[in-house]
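Below you'll find the structure, written out as structure tokens, and then a few comments.
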Amino acid sequence: TKFGEYGGQYVPEVLMPAIEELTDAYERYVLDNEDGFMDEFRERLADFGGRPTPIQRADRLSERYDAEVYLKREDLLHGGAHKLNNALGQVLLAKYMGKERIVAETGAGQHGTATAMAAAHLDMPCEIYMGKRDIRRQRPNVFRMRLNGAELNPVTVGRGTLKEAINETMRDWATSVEDTHYVIGSIVGPHPFPRMVRDFHSVIGEEIRAGIEEKTGDLPDSLVACAGGGSNTMGTFHDLVPDEEVSLFAVEAGGDGLIVDDEEGVAPHSASLSTGSEGVLHGARTKLLQDADGQIVESHSVSSGLDYAGVGPELSYLVDEGRVTPVNVDDTAALEGFHRLSRTEGIIPALESAHALAFLEAELGPDADGEHDLGEVIVVNVSGRGDKDLEAVIEETEKRDLDAAPSMEVLYE
Amino acid sequence: TKFGEYGGQYVPEVLMPAIEELTDAYERYVLDNEDGFMDEFRERLADFGGRPTPIQRADRLSERYDAEVYLKREDLLHGGAHKLNNALGQVLLAKYMGKERIVAETGAGQHGTATAMAAAHLDMPCEIYMGKRDIRRQRPNVFRMRLNGAELNPVTVGRGTLKEAINETMRDWATSVEDTHYVIGSIVGPHPFPRMVRDFHSVIGEEIRAGIEEKTGDLPDSLVACAGGGSNTMGTFHDLVPDEEVSLFAVEAGGDGLIVDDEEGVAPHSASLSTGSEGVLHGARTKLLQDADGQIVESHSVSSGLDYAGVGPELSYLVDEGRVTPVNVDDTAALEGFHRLSRTEGIIPALESAHALAFLEAELGPDADGEHDLGEVIVVNVSGRGDKDLEAVIEETEKRDLDAAPSMEVLYE
Amino acid sequence: MSNDVRVAVSGDEPALVPYITAGDPSLAATTEYVEALAAGGADVIELGMPFSEPIADGPTIQNAIQRSLEAGTTPERYFELVESLDIDVPIVCMTYYNLLYQYGEGEPGDSDYERLLPFVERAAEAGVSGLIIPDLPVDESDPLRQACDEYGVDLIFIVAPTTTDERLAKMREQVSGFVYVQARLGTTGAQADVSDATHESLTRLAEWEVPKAVGFGVSEGQHATEIVEAGAAGVVAGSVFVDMIAAGEDVPNKLEAKARELKQGALDGAVSSTPEPGK
Amino acid sequence: MSNDVRVAVSGDEPALVPYITAGDPSLAATTEYVEALAAGGADVIELGMPFSEPIADGPTIQNAIQRSLEAGTTPERYFELVESLDIDVPIVCMTYYNLLYQYGEGEPGDSDYERLLPFVERAAEAGVSGLIIPDLPVDESDPLRQACDEYGVDLIFIVAPTTTDERLAKMREQVSGFVYVQARLGTTGAQADVSDATHESLTRLAEWEVPKAVGFGVSEGQHATEIVEAGAAGVVAGSVFVDMIAAGEDVPNKLEAKARELKQGALDGAVSSTPEPGK
């Protein structure tokens with residue numbers, strides 16, 4: 001159940017039997033392909049999800065960075081992000097387990113929409129917990145979940161954001177555990193979630209291996225993926241972890257800077273791998289943003305999908321082992337990365353993915369310091385598309401008066 | 001240059017030399033694959049666009065209609081609709097022709113965003129003409145075009161919608177024709193556009209043939225696609241036109257009803273194939289919505305992408321020949337089709353595509369009259385995703401108090 | 001009323017060919033305006049018949065067309081207007097192909113020629129001397145050419161700066177009345193220097209027998225002078241008149257004065273240019 | 001001060017185990033409230049130490065925890081509070097694992113046991129008799145069990161309705177103090193009928209030697225009566241007290257009265273039930 005000392009199962013007793021049942025199901029269906037589960041999963045990922053997604057050479061970035069830059073196009077997956085891999089896998093697993101209902105938490109709404117889609121596709125009733133404040137801020141995703149037939153339960157306790165939504169979903173699960181499966185949205189939570197979610201996403205790395213070998217005849221020199229909870233990160237890395245010659249960079253949200261305000265309990269970033277310390281959160285031991293007492297601090301990122309104080313335990317382990325290099329870029333660099341890809345490659349990335357792209361600029365761009373060796377062939381995972389981020393990007397860009405950004409005056413003329 | 005009596009080249013003399021140049025380029029690069037144009041096009045469609053898109057069995061619809069219903073998932077193409085096939089093809093062709101600038105018109109913004117993406121991808125300066133009123137109504141698409149680096153030229157003349165934008169783009173082209181290519185957004189306009197745009201989209205039908213043969217061992221019994229200008233329609237049909245045993249249904253926007261108000265010059269629908277008469281519009285002879293004098297009437301559809309008074313000349317021809325059956329569904333039926341696919345299959349379709357789905361309900365649903373024989377294996381082209389339509393759908397749904405629609409109360413609690 | 005457009009343009013002195021949209025803002029007003037233009041020295045009047053999709057027109061004329069349509073102008077009312085005119089200047093009808101095509105009751109199986117005949121017949125009957133159909137390139141013009149010949153109506157083509165020599169050869173076979181020479185790319189608006197472009201265009205047409213009228217961007221007497229100096233037989237001007245109609249104040253007098261200014265400019269050009277022998 | 005939790009719960013009469021969150025709304029108030037609960041007849045007091053992510057608590061207690069954190073409650077201040085209490089009722093600390101893990105200065109390479117010792121040592125020193133860590137299932141509890149044994153602090157586990165027989169066997173080996181029996185799925189709120197579920201749960205634990213306290217949803221004397229009638233040695237109640245604290249009016253008197261009501265309910269249950277022989 002652990003990765004070194006990370007991971008484990010730190011959950012209320014009432015949930016442990018369900019966790020044991022899930023562990024058993026994971027081993028049978030996912031690991032052993034019982035009843036052809038994995039075959040059906042992969043087939044549905046292809047037909048419903050649109051896999052494989054392309055590996056595309058980024059012509060302009062390759063020129064800019066004097067390297068062969070390839071993009072893994074998870075933004076083209078159904079729903080607009082890698083999230084569906086996991087949501088579809090878990091909802092299908094719940095069906096194999098005989099569960100009759102799905103619950104999930106969501107912050108910005110990406111995991112919620114992926115889960116709602118998967119549940120509609122597989123004809124499973126689905127309820128999503130979402131903070132009241134997030135509901136107001138993420139109107140299009142609320143529409144999408146409702147259109148897919150999911151019930152939406154507004155969480156009013158506390159600040160009404162992701163954290164409270166997770167607590168509320170756990171609470172629902174504690175009440176309904178016998179017929180309900182909780183679809184966790186990242187490689188976090190108690191075992192078997194971190195492994196299982198990773199396995200559902202590992203198709204990303206498998207496709208990178210196959211695609212880049214076809215295009216270059218060899219493995220890439222480095223993989224770059226953004227890391228919040230870390231599901232797209234481990235999905236990208238997992239298949240290539242044994243290939244030691246491939247460098248793995250997990251790009252965290254540097255937010256406004258890396259200093260934690262202990263007094264206020266606020267971290268102006270979400271860089272748990274780079275700056276966190278070991279602790280237990282939401283069912284697993286991992287690296288966390290916490291104060292000296294062990295209270296979890298409020299994280300920050302311009303990208304709501306990276307805005308989380310914890311990170312998957314396996315990533316913590318791989319960082320300690322030296323296999324994965326944690327790096328980070330700040331909000332402004334991420335916004336510039338967003339605009340650069342949009343303008344020069346015709347791909348509007350999610351703000352999460354923009355962090356991975358910003359790391360290339362920080363290392364290889366005209367003003368770069370070049371601390372890390374990325375090699376010649378670099379694959380960046382574009383974990384999602386940026387349609388969901390348009391309003392936020394415009395607002396944050398205008399605050400900063402970025403050179404790279406286009407004027408939106410035409411809207412106000 | 002014609003399909004029977006339809007088509008032709010009815011454009012100002014100033015543009016004719018460019019049209020001749022384009023015809024020559026079309027014949028050399030597209031038809032004869034000179035310099036490997038088509039190879040590069042297909043490769044970029046795969047790597048940048050995400051082709052092939054899946055053919056997916058729709059489990060719930062198959063059950064409901066007691067048939068094998070398959071969905072062609074063009075909603076998964078980069079940009080969220082089939083539009084990229086054509087935009088990428090034309091921008092690449094412009095590059096091969098040595099053009100240095102792209103102009104395009106857009107109504108709801110789908111063709112504009114596809115063109116802006118393709119132009120960014122291929123490093124071509126790009127200007128999009130869009131009606132002032134449309135700019136205000138299609139805020140997210142305006143953002144996307146600007147983010148992709150396209151200039152946006154607001155058109156203030158007249159009502160400030162698609163029609164005026166087309167006129168303005170023609171005018172730009174008349175001024176700049178020597179170094180500029182006009183990327184027309186559908187299978188309309190003067191020859192070679194209708195053929196060329198169709199050829200860029202015909203990959204849809206080729207993939208349907210290959211995919212459905214792999215899944216069922218045979219050709220489908222019928223293909224169903226929505227038809228506005230008709231680009232996704234001909235893209236879907238073209239490869240299978242010679243296979244007479246495959247029925248082809250072009251589903252038009254029935255809007256509020258099929259009666260034209262001659263006095264007001266308004267048609268409450270966009271069903272040019274079903275109800276239009278022969279005439280000349282935007283460079284080609286085709287079926288049109290016009291009054292007795294030959295003035296083009298204002299069309300209507302809840303789906304802005306179908307809201308056009310003309311239709312591709314080749315479709316007019318195939319309808320007259322009896323090869324393509326024109327049918328139509330009204331706004332309400334389309335909205336119900338939208339909700340049905342979203343809720344039962346986990347796919348939120350474009351309102352355009354929802355028309356194709358509504359036709360199945362009209363023919364095979366519980367209350368259907370079943371006028372047409374669709375056979376056992378039916379392929380519906382889901383030409384785009386519905387993210388762009390969310391606000392419009394909610395509004396139109398609330399007006400109608402549809403049973404099938406979810407309540408959005410959670411947003412207002 | 002003379003209906004010989006060719007004679008009107010190729011007369012001894014350079015011709016002025018103004019354009020306005022019929023029915024802008026009303027058909028009654030158009031009668032007044034046409035008379036004012038004639039009084040100001042117009043040799044031929046291009047009278048636009050409004051079509052809802054004027055893809056070859058600039059915004060100025062597009063707006064005029066919209067006003068005309070809103071005022072209820074139809075092809076039939078247009079013809080009635082032309083019939084009622086009492087001026088000694090030929091009228092050329094400028095409109096789009098679809099209106100010709102839809103005029104009269106077509107039958108399935110009718111040829112294009114048959115579909116076009118009723119319009120041309122009615123136009124000829126009403127006193128229209130020629131047609132300019134900007135969305136009908138020479139390539140698609142055979143049926144209309146045939147119908148026009150039948151009723152003695154001129155079919156006037158536009159030559160653009162982009163027109164290839166190959167296309168010029170094709171057009172030369174179809175041409176009648178006069179040739180409308182589009183001096184530059186683009187649409188409307190005053191041009192700083194028209195003479196070079198005009199000269200270049202006219203050089204290509206030097207051997208054509210029909211007279212050449214040059215347009216696009218003429219708003220001042222000086223422009224007309226330059227165009228005629230460059231060798232044109234006539235000067236076409238539209239937006240400058242349509243703008244006056246749109247402004248709506250004292251329109252007839254202003255139209256007449258502007259026509260006079262342009263005509264005088266053209267005459268000045270003829271004086272200062274060396275006339276070709278035999279002309 | 002007695003620190004023998006087991007004795008307190010398994011006394012001659014049924015025990016009342018109330019829960020409140022320390023520091024809600026202030027540590028000073030908590031002292032008063034604890035005294036009021038003791039005066040009302042509490043036999044053991046569960047005193048929550050606030051953690052920012054209380055995944056096992058319902059919204060009522062989650063809000064209390066938030067108020068406490070906002071008031072500046074820290075583990076150290078919690079311990080100081082417990083040290084300062086002057087009551088004859090054992091205190092059980094209910095909190096989450098991360099706070100134990102972070103207490104004291106860990107060194108890289110420390111075992112879990114070493115990381116946990118400082119917290120348990122300080123708890124014992126302050127007078128905490130037992131710990132309830134709701135996010136620490138028996139599977140992960142060896143290091144804390146070991147640390148607790150070292151300082152004579154009870155480690156109390158929760159048995160849920162979903163707990164399998166296999167898991168019960170594992171827990172039986174680790175259990176000390178008392179067993180907290182969660183009578184139903186779910187979290188808080190008054191339950192219409194608790195006796196059947198309670199009886200069923202207790203039957204599964206019949207052979208365990210530690211006393212069983214039953215909770216989740218107890219808010220009235222009648223609930224306590226039913227629970228004790230069903231065979232429980234103690235009754236746990238939390239939300240009902242936390243709600244009173246949140247309301248904020250005349251809190252100590254209300255807490256005492258409610259404790260008295262529940263205690264009386266429990267006593268009534270003991271009278272009406274047939275006592276097991278030897279108890």
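Letters A, B, ... mirror the listed sequences (proteins, then strands); counts begin at 1.
When heavy atoms are compared at a cutoff of 4.5 Å, L281(A) approaches chain D solely by way of its side chain, counted from C-beta outward. Proximity to chain D (any heavy atom under 4.5 Å) is shown, for E278(A), by both the backbone and the side chain. F51(D) touches chain A through backbone and side chain together, each having a heavy atom under 4.5 Å away.
For the set G8(A), S277(A), G279(A), the count of heavy-atom pairs under 4.5 angstrom toward chain D peaks at G279(A). Most heavy-atom pairs under 4.5 Å with chain A: of the set D112(D), T164(D), N63(D), this distinction falls to D112(D). Options M170(A), M16(A), E5(A) differ in how many heavy-atom pairs under 4.5 Å they form with chain D, and the most are formed by M16(A). Most heavy-atom pairs under 4.5 Å with chain D: of the set A18(A), P190(A), G283(A), P12(A), this distinction falls to P12(A).
Annotation: cation-pi pair R195(A)/F3(A) present, NZ/CZ under 6.0 Å from the ring centroid and within 45° of its normal.
The main-chain N or O of I184(A) is found under 3.5 Å from a side-chain atom of Q90(A) such that the two form a donor-acceptor pair. Side chain of D57(D) to main chain of I61(D): no donor-acceptor pair is present (N/O by atom type, distance under 3.5 Å, no hydrogens or angles). Between the side chain of W173(A) and the backbone N or O of T180(A), at least one donor-acceptor pair lies under 3.5 Å.
Within residues 167-179 of chain D, the residues approaching chain A closer than 4.5 Å by heavy atoms are, in numerical order, R167(D), K170(D), M171(D). Inspection of non-hydrogen atoms places D135(D), L136(D), P137(D), D139(D), E140(D) of residues 135-143 of chain D under 4.5 Å from chain A. For a heavy-atom cut-off of 4.5 Å, chain A lies close to Q66(D), L69(D), T74(D) in residues 66-74 of chain D.
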request  = Apply ring-ring contact (aromatic ring centres under 6.0 Å, His included) to the pair F119(D) and Y151(D), showing each step before the final yes or no.
outcome  = CA-CA 11 Å; F119(D) 185 96; Y151(D) 289 97; over 10 Å; no
query = Would Y97(D) and L116(D) count as a side-chain contact (heavy atoms from CB on, under 4.5 Å) if you check the C-alpha gap in whole Å, the side-chain angles of each, and the deciding distance to 0.1 Å?
reply = CA-CA 9 Å; Y97(D) 194 60; L116(D) 296 166; 3.3 Å; yes
task = Decide yes or no on salt bridge (charged side-chain N to carboxylate O under 4.0 Å, His left out) for E21(A) and K99(A), but give the supporting numbers first.
result = CA-CA 11 Å; E21(A) 185 192 350; K99(A) 299 289 182 185; 3.3 Å; yes
request  = Evaluate ring-ring contact (aromatic ring centres under 6.0 Å, His included) for Y6(A) paired with Y317(A), printing each intermediate quantity in order.
outcome  = CA-CA 6 Å; Y6(A) 297 102; Y317(A) 170 73; 7.2 Å; no
task = Dump the intermediate steps for side-chain contact (heavy atoms from CB on, under 4.5 Å) on K2(A) and H191(A), then the final yes or no.
result = CA-CA 8 Å; K2(A) 301 213 169 172; H191(A) 175 81; over 6 Å; no
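No side-chain heavy atom of V236(D) sits under 4.5 Å from any side-chain heavy atom of V214(D). A heavy-atom distance below 4.5 Å is not found between the side chains of L162(A) and M130(A). Residues T115(A) and I128(A) form a side-chain contact, since some pair of their non-hydrogen atoms from C-beta on lies under 4.5 Å apart. When side chains are defined from C-beta on, S26(D) does not count as touching T30(D), because their heavy atoms never get closer than 4.5 Å.
For the residue pair Y308(A) and H282(A), a side-chain donor N or O sits within less than 3.5 Å of a side-chain acceptor on the partner.
Between the CD atom of E53(D) and the CG atom of N167(A) there is a distance of 6.0 Å, given to the nearest 0.5 Å.
Scored by the side-chain hydrogen bond (donor to acceptor under 3.5 Å, both in side chains) test, D307(A) finds S299(A) as partners (sequence neighbours excluded).
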